[in-house]
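One structure is given below, encoded as structure tokens.
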Amino acid sequence: MVFNYDVVVVGAGHAGCEAAAAAAKLGAKTCLITMDMNKIAQMSCNPAIGGIAKGQIVREIDALGGHTGIVTDRCSLQFRMLNLSKGPAVWSPRAQCDRAKFIWAWREILENTPNLNIWQDQVRELLVDNQRVVGVSTYYGAEFRAKCVVITAGTFLNGLMHIGRVKIPGGRCAEAASLELTESITKHGIRAGRMKTGTPVRIDRRSVDFSLMEMQDGDHDFHKFSYLPTERVAVEERNNIPCWMCYTNTEVHDVLRSGFADSPLYNGQIQSIGPRYCPSIETKLHTFPDKDEHLLFLEPEGENTNEMYLNGFSSSLPLDIQLSALRKIPAFRNLEIYRPGYAIEYDFFDPTQLTHSLESKVINNLFFAGQVNGTTGYEEAAGQGIIAGINAAINSSVINFQNPHSNGESKSAPLNDGESFTLQRNEAYIGVLIDDLVTKGVDEPYRMFTSRAEYRILLRQDDADMRLTERSYRLGLATEERYLLMQTKREKRDAIIEFVTNFSLKPALINSALESLGTTPLRQGCKLEELLGRPQINITNIAPHIEPFSKELDRIIAGDVRREEIIEAAEIQIKYKGYIYREQQMADKMIRLENIKIAGKFDYPNMTQISIEARQKLQAIQPTTLAQASRIPGVSPSDINIMLVLMGR
């Protein structure tokens, strides 16, 4: 049987869910194909969303009109804003979630999204005609014809799980691997490789002695993921179930080392490369042999389950070694587990074969997103997914526009005028992520960090809506409601900034308050903006001492449930004004290079003026702009200058 769609998304993980929802919301008739509808957006590893830089990505997805932030707020068990002791450039939201509720919250959204159908089946083959994707076929014998296909297969492609010397084919625990799809893709000239990741043991809460652990509570404030005020109820009602901390010890390490001979990581069973920044416990012992303890976090899997996740104890050691080692930890001396940790090997595709829209350079209208591009994490996957889904919808609308008699309704004009929707490095962490992937490639699983972003003070978690919502609204993805909420928030934020910039203070009226707040009294008058630059002073603690300011705040934010959010946004702009301005100047300079298009303008193999390495790298990557070329490892500043000269600039 043959089905016809504009966009087919293969895989319903975090990338696939965002891709399918975005494409459908933009008007593309979309089908999401998944092996198990009861595992949609499954949190294969830790049931948590966010973290360092990852939380910023989720807020960007929300600002674009995606759903990961909304689902997280609805399913949150505990929320924390990480790095609050540092500057706002690295503040990062993180939420522990109810794994089961997360699946059903996503499923409810997808099942009620217009233009979107879900099909439970396994994709067997990619259908290609003249280097253009035309659909997929499945094991049930169905054929899905499509103008665009998005591959978001996660760890399922030829997935192989390892527990000691035991090897089990599978995409994750108790789920089958996809065994033919990789080969149907690579036969068309797309390069694939192997990567490895792992997940920890799952623990029975009833067997843990929590009196021997340190409790880690969540925050109890206004922070959340979604910018929509309608999601505030979910945040106010969240349970704030605690997490717990404990440490390994030398006895634990001795038991673990006794199993190294049977460790797939060290006996040659696993050849692929694992994640550097989320190492297994055996890798930690190997890398830090002199360290006597390692921190572990015991985290809840849900509100109504005894299953808990042991963060920091990812392992592929034999089952008996894992359990014996854990029982050497005092809090776990009577430990019972639901299942051991395991490692998994899987196929990925070299992301340098993609454009910034995540479309393949080899097969037209074929998109890749998520772990198949060599990344780690739900957040990185979801960020890629929404961009791939947007661009698949754009491409399918162009096909409709050019072929008004093709299947589906013709459009009077192509979506976004047929131009790809991409994000620059100074616009979003998603832009940094995708640029890193397609420009530099990966030789190990990629994880996002704030340090990867050269403009991270411009990419803060508090202002993703200011950066991205208008662009998404113009595209047609973000709703008018979301756009108007962003506009009113900006107006109120700017009104606060304008007041503090112009309001003058006299020492006699404020010095007693300054002393009570632990900061130096004024010797002469100053603007309120200058006072707010002090680390001890913030809008909330100084406003009660300045009646005109307090009244102005009440006037500006009267009745707005986002009061604290708006005040925080204004305060960051005020306190870090100089840093923000300086970084914006740096970004503006780089944008000039981003605007210099070089695709198809150079015959790299014959450019004898630049180094051989630069020629080889440029030929392989085929950068779109001069700025992208400048970020390719092996391309020097002098090579860029020569290219500028050759272009007559």
Side-chain angles (χ1 to χ4, degrees), residues 7-20 22-23 32-35 39-42 44-45 57 122-126 128 133 136 148-160 170-172 175-197 272-275 344-363 365-389 391-392 430 433-434 436-438 440-448:
V7 175
V8 164
V9 179
V10 180
H14 302 269
C17 288
E18 288 290 2
L32 175 62
I33 303 178
T34 176
M35 294 167 66
K39 297 291 178 64
I40 283 175
Q42 168 74 296
S44 311
C45 202
I57 290 175
Q122 185 175 345
V123 172
R124 186 172 199 165
E125 185 178 4
L126 185 74
V128 178
V133 74
V136 298
C148 296
V149 171
V150 185
I151 303 294
T152 67
T155 61
F156 280 78
L157 299 179
N158 292 317
L160 183 63
R172 58 186 169 226
E175 296 183 61
S178 176
L179 299 177
E180 297 182 55
L181 184 55
T182 295
E183 290 70 26
S184 83
I185 293 172
T186 56
K187 72 181 183 182
H188 297 288
I190 292 176
R191 298 185 302 276
R194 294 285 276 177
M195 281 188 175
K196 169 260 173 188
T197 188
S272 50
I273 300 172
I344 181 167
E345 289 184 286
Y346 57 93
D347 294 337
F348 79 101
F349 302 102
D350 180 356
T352 62
Q353 301 167 104
L354 304 175
T355 67
H356 281 78
S357 69
L358 296 179
E359 182 181 5
S360 170
K361 296 176 183 176
V362 180
I363 300 175
N365 295 323
L366 175 63
F367 296 80
F368 293 87
Q371 281 187 271
V372 293
N373 287 338
T375 62
T376 64
Y378 316 134
E379 304 83 3
E380 290 93 337
Q384 294 171 68
I386 195 170
I387 298 300
N391 285 299
I430 297 173
L433 164 66
I434 293 175
D436 280 352
L437 292 175
V438 305
K440 302 174 183 177
V442 291
D443 54 13
E444 61 185 35
Y446 179 100
R447 182 176 180 180
M448 178 54 73

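When a residue number appears, it is its place in the shown sequence, counting from 1. None of these values were measured; they are calculated from a predicted model.
- Interatomic distance, Leu126 CG to Ile190 CD1, rounded to the nearest 0.5 Å: 7.5 Å.
- Partners of Ala382 according to the side chain to side chain contact (heavy atoms under 4.5 Å, CB included) rule, which considers only residues two or more places apart in sequence or in another chain, are His14, Glu18, Ile61, Thr68.
- For Arg124, the side chain to side chain donor-acceptor pair (under 3.5 Å) criterion is met by Glu180, not counting sequence neighbours.
- Within the 3.5 Å criterion, the main-chain N or O of Cys45 finds a donor-acceptor partner in the side chain of Tyr378.
- Under the side chain to side chain contact (heavy atoms under 4.5 Å, CB included) criterion, Ala192 pairs with Thr182, Thr186, Phe349, not counting sequence neighbours.
- Take Glu379 and apply the salt bridge (charged side-chain N to carboxylate O under 4.0 Å, His left out) test, not counting sequence neighbours, and it matches Lys54.
- Side chain of Asn391 to backbone of Leu358: no donor-acceptor contact under 3.5 angstrom is found.
- For the pair Ala177 and Gln122, the tightest heavy-atom approach, listed with the atom from each and the gap, is O-NE2, 3.3 Å.
- Considering only residues two or more places apart in sequence or on other chains, Asp350 meets the salt bridge (charged side-chain N to carboxylate O under 4.0 Å, His left out) condition with Arg191.
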_One pair to check against side chain to side chain contact (heavy atoms under 4.5 Å, CB included): Val128 and Leu366. What are the steps and the verdict?_
CA-CA 9 Å; Val128 178; Leu366 175 63; over 6 Å; no
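- Nearest heavy atom pair, residue Ala392 against residue Cys148, reads O-SG, 3.4 Å.
- Taking the salt bridge (charged side-chain N to carboxylate O under 4.0 Å, His left out) definition, one finds that Glu444 meets it with Arg276, sequence neighbours left out.
- Remark: Thr375 engages Gln384 in a side chain to side chain donor-acceptor pair (under 3.5 Å) (not counting sequence neighbours).
- One side chain, Glu183 or Asn158, offers a donor N or O that lies under 3.5 Å from an acceptor on the other.
- Here the closest non-hydrogen pair linking Ile57 and Gly383 is CG2-CA, 4.2 Å.
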*asked:* Working note: Asn373 + Leu354, criterion side chain to side chain contact (heavy atoms under 4.5 Å, CB included); need CA distance, chi angles, decisive distance, verdict.
replied: CA-CA 9 Å; Asn373 287 338; Leu354 304 175; 3.5 Å; yes
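- Side-chain atoms of Thr152 never come within 3.5 Å of backbone atoms of Ala369 as a donor-acceptor pair (strictly under, hydrogens ignored).
- Here the closest heavy-atom approach between residue Arg194 and residue Leu157 is recorded as NH1-O, 3.7 Å.
- By the side chain to side chain donor-acceptor pair (under 3.5 Å) test, Glu345 pairs with His162, Ser272, sequence neighbours left out.
- The ring-ring contact (aromatic ring centres under 6.0 Å, His included) test applied to Phe367 returns no partner, not counting sequence neighbours.
- By the salt bridge (charged side-chain N to carboxylate O under 4.0 Å, His left out) test, Glu125 is found to be paired with Lys187, residues two or more places apart in sequence or in another chain being considered.
- For Thr355, the side chain to side chain contact (heavy atoms under 4.5 Å, CB included) partners at least two apart in sequence or on another chain are Ser357, Glu359, Lys361.
- Scanning both residues, Pro275 and Pro445, for their nearest heavy atoms gives N-CG, 3.7 Å.
- Taking Val442 as the reference, Met195, Phe348, Pro351, Leu437, Tyr446 meet the side chain to side chain contact (heavy atoms under 4.5 Å, CB included) condition, with sequence neighbours excluded.
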